[in-house]
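Let me begin by presenting the structure, written as structure tokens, before commenting on it.
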Number of protein chains: 2
Amino acid sequence: MTDEVGAQRTKVQQIADDLKAAIERGDYGPGDRLPGENALAAQYGVASLTARRALKVLSTEGLVESKKGAGARVLSFRPIRRRGIPRVASGQWGSGRSIWSADDHRAPDVDQITVDEDAAPPEHVRDVLELGPDETACVRSRRYVLEGRPVMLAASYLPQALVAGSPITQADTGPGGIYARLADLGHAPTRFREEIRVRLPTADEAARLSIPTDRSVIKLARTAFDADGRAVEINEMTLDSAAYVLDYEFDA
Amino acid sequence: MTDEVGAQRTKVQQIADDLKAAIERGDYGPGDRLPGENALAAQYGVASLTARRALKVLSTEGLVESKKGAGARVLSFRPIRRRGIPRVASGQWGSGRSIWSADDHRAPDVDQITVDEDAAPPEHVRDVLELGPDETACVRSRRYVLEGRPVMLAASYLPQALVAGSPITQADTGPGGIYARLADLGHAPTRFREEIRVRLPTADEAARLSIPTDRSVIKLARTAFDADGRAVEINEMTLDSAAYVLDYEFDA
DNA sequence: CAGTGGTCTAGACCACCCT
DNA sequence: GGGTGGTCTAGACCACTGG
């Protein structure tokens with residue numbers, strides 16, 4: 001007996017596991033359509049709602065994409081590797097193998113770009129940036145799309161008083177991006193903190209990322225500090241949790 | 001107009017948002033029982049299944065705990081901050097201090113401890129540890145429980161040939177833990193890589209963590225390299241995604 | 001033992017896709 | 001227009017909790 005206490009499978013899980021195994025075996029390749037809920041219901045002798053819930057599991061996990069009129073189609077899943085700490089002297093360590101295969105080097109498209117002056121940024125942003133009661137923030141928002149698939153939302157907050165008049169308030173920040181411009185202003189980032197949480201997306205996040213509402217997103221907040229220890233930027237990122245592998249490499 | 005394309009709310013979302021707002025307002029404090037599905041169904045004029053799905057959203061998010069005979073009770077949510085980098089910095093593990101004391105100030109209990117010789121570790125573990133076809137791995141598995149709530153599973157893999165006969169193969173590894181013993185063996189970890197993924201739990205993981213099957217877990221794989229660049233340990237952690245904030249701090 | 005949530009069935013209406 | 005998934009209703013049985 002291989003029964004595990006508490007690990008008893010429901011019908012939904014049974015069917016979902018079967019489908020996953022079939023995909024893994026290659027019975028269904030990328031772009032192929034899985035059996036519909038009615039076909040599955042007939043095949044397994046269950047109600048169609050039960051079959052649907054099994055399909056829903058796969059779409060929540062990001063293995064398939066379910067569209068209304070069409071069926072559930074298998075996605076070609078190639079996670080993106082995001083290196084949190086830039087490589088320095090990578091030579092000998094570059095050969096260390098990683099646990100999960102994932103891709104680098106694919107440049108995403110960027111759209112939905114907005115640059116605004118925000119008089120009322122979130123409270124935690126005000127706190128970390130140490131904004132006075134009348135101070136505003138410069139907010140740079142954008143969306144990253146890889147191979148037609150939205151994978152990340154990002155919103156950078158900077159003290160408006162610090163960046164007013166600089167290219168940071170323009171759509172195009174020039175070579176080197178925001179950090180190079182902060183350096184021009186005498187506030188080059190020297191230290192970073194990244195904080196990671198996982199939660200369900202808001203309705204708006206789910207819509208902009210084109211993910212089901214029960215697919216988790218990774219909230220990744222990076223704070224940049226200048227040499228004086230002042231927080232000069234907060235970048236709040238929202239990642240499709242099925243699309244990313246995060247990577248941090250550091251010395252003891 | 002504040003209409004957002006694709007952000008239209010379903011009844012389930014409406015009810016779930018109302019309940020969340022009520023909890024946030026303090027209408028329901030930690031330990032309080034939310035209205036049952038029948039009460040909600042009557043109150044909103046919807047089917048009980050619809051009300052249940054709203055409650056399910058909250059339990060997926062970790063705001064409440066739903067038990068069969070009892071209702072859905074509000075949890076006191078205090079996420080654990082796990083500092084990725086200082087917690088393994090040298091000096092922390094040489095001094096007999098436990099790794100967890102570098103984290104929050106709350107020390108978890110550890111149970112479900114097993115130490116085994118595993119002849120067939122997962123393929124990616126074989127690869128990274130560069131195990132030969134006949135080599136085995138030492139697997140140290142345990143579960144961390146904080147304030148009665150399971151929050152993390154962990155399994156460390158080490159080359160059996162490297163650690164055979166050392167305290168690493170014992171339940172109690174002595175002061176400083178695994179890393180201090182690896183240092184005794186001349187393979188002190190000098191560099192670490194942490195890789196982070198998010199996915200749905202397996203039935204077994206969900207059972208051991210006592211979380212619903214649709215609550216995501218964070219898979220955190222830490223690889224430790226010695227001075228020669230050899231991978232000497234892989235620690236595969238499985239975190240309740242609602243219980244943790246991960247934190248990485250580093251210089252530019 | 002009454003009430004609860006967990007799972008499942010049977011069937012409905014709608015919006016959307018594809019042919 | 002037929003088939004699909006998304007949402008919802010109405011009702012059933014079971015396992016478990018609590019008084």
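Chain letters run A, B, ... following the sequence lines, proteins first, then strands; residues in each count from 1. Values below: all heavy atoms of this structure, side chains included; hydrogens, waters and symmetry mates excluded.
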Quiz item: What integer distance in Å separates Lys67(B):NZ from dG19(D):P?
Solution: 12 Å
Quiz item: For the side chain of Val46(B), counting heavy atoms from C-beta on, which of dG5(C), dC8(D), dT9(D) is nearest?
Solution: dT9(D)
Self-check item: Rounded distance [0.5 Å steps], CD in Glu24(B) versus CG in Leu19(B)
Solution: 12.5 Å
Quiz item: With distance as the sole criterion, do the side chain of Arg52(A) and the base of dT7(D) form a donor-acceptor contact below 3.5 Å?
Solution: yes
Quiz item: Within this structure, what is the CG-to-P distance between Asp214(B) and dG5(C), rounded to whole angstrom?
Solution: 16 Å
Practice problem: Could you tell me whether the phosphate oxygens of dT7(C), OP1 or OP2, come under 4.0 Å of any side-chain nitrogen or oxygen in Thr50(A)? | Solution: no
Practice problem: Go through dT4(D), dC17(C), dT9(C) for me and flag the one nearest to the Ala47(A) side chain. | Solution: dT9(C)
Exercise. Rounded to the nearest angstrom, tell me the gap between atom CZ in Arg215(B) and atom P in dG6(C).
Key: 13 Å
Practice problem: Would you check if there is a donor-acceptor pair between the side chains of Ser59(A) and Arg215(A) at a distance under 3.5 Å? | Solution: no
Quiz item: Does the side chain of Lys11(A) get closer than 4.0 angstrom to OP1 or OP2 of dT9(C) through an N or O atom?
Solution: yes
Quiz item: Salt bridge check: are Glu249(B) and Arg193(A) linked by an N-O gap of less than 4.0 Å?
Solution: yes
Self-check item: Spacing between Leu49(B) atom CG and dA10(C) atom C1', to the nearest angstrom
Solution: 13 Å
Practice problem: Determine whether the side chains of Gln14(A) and Tyr44(A) contain a donor N or O and an acceptor N or O closer than 3.5 Å. | Solution: no
Exercise. Return the 5'-most residue of the pair Pro35(B), Gly69(A) with respect to DNA chain C, ranking by each residue's nearest nucleotide.
Key: Pro35(B)
Exercise. Mind checking the CZ-CG spacing from Arg149(B) to Leu146(B)? Nearest 0.5 Å is all I need.
Key: 8.5 Å
Exercise. Describe the nucleic acid contact of Lys56(A) in one word from base, sugar-phosphate, nothing, applying a heavy-atom distance below 4.0 Å.
Key: nothing
Exercise. For Arg53(A), report the nucleic acid contact type (base, sugar-phosphate, nothing); a contact means any heavy atom under 4.0 Å.
Key: base
Quiz item: Does OP1 or OP2 of dA10(D) have a side-chain N or O of Ser48(B) closer than 4.0 Å?
Solution: no
Self-check item: First encountered from the 5' end of DNA chain C, between Lys68(A) and Ala51(A)
Solution: Ala51(A)
Practice problem: Measure the distance from CD on Glu65(B) to P on dT17(D) and round it to the nearest whole Å. | Solution: 11 Å
Quiz item: Is there a side-chain polar atom (N or O) of Asn38(A) under 4.0 Å from OP1 or OP2 of dG3(D)?
Solution: no
Self-check item: Nucleotide dG6(D), atom C1' - distance to CD1 of Ile211(A) in whole Å
Solution: 17 Å
Exercise. Starting at OG of Ser66(A), measure out to CD of Glu37(A) and round the result to the nearest 0.5 Å.
Key: 9.5 Å
Quiz item: Expressed in angstrom and rounded to an integer, what is the separation of Leu40(A) atom CG from dT4(D) atom P?
Solution: 11 Å
Practice problem: Look at the side chain of Ser66(B) and decide which nucleotide, out of dG6(C), dG6(D), dT9(C), has an atom nearest to it. | Solution: dG6(C)
Quiz prompt | Residue of the set Lys219(B), Arg222(B), His124(B) for which side chain to side chain donor-acceptor pair (under 3.5 Å) holds with Glu236(B) | solution = His124(B)
Quiz item: Between Arg33(B) and dG18(D), does any side-chain N or O lie under 4.0 Å from OP1 or OP2?
Solution: no
Quiz prompt | Side chains of Val217(A) and Ile211(A) in contact at under 4.5 Å (non-hydrogen atoms) | solution = yes
Practice problem: Note down the inter-axis angle between the two ends of the helix from dC1(C)-dG18(D) to dC18(C)-dG1(D), five pairs each, to the nearest 10°. | Solution: 0°
Quiz item: What is the distance, rounded to the nearest whole Å, between atom OH of Tyr44(A) and atom C1' of dT9(C)?
Solution: 18 Å
Quiz item: Glu37(A) has a side chain; which of dC8(C), dA10(C), dG5(D) sits nearest to it?
Solution: dG5(D)
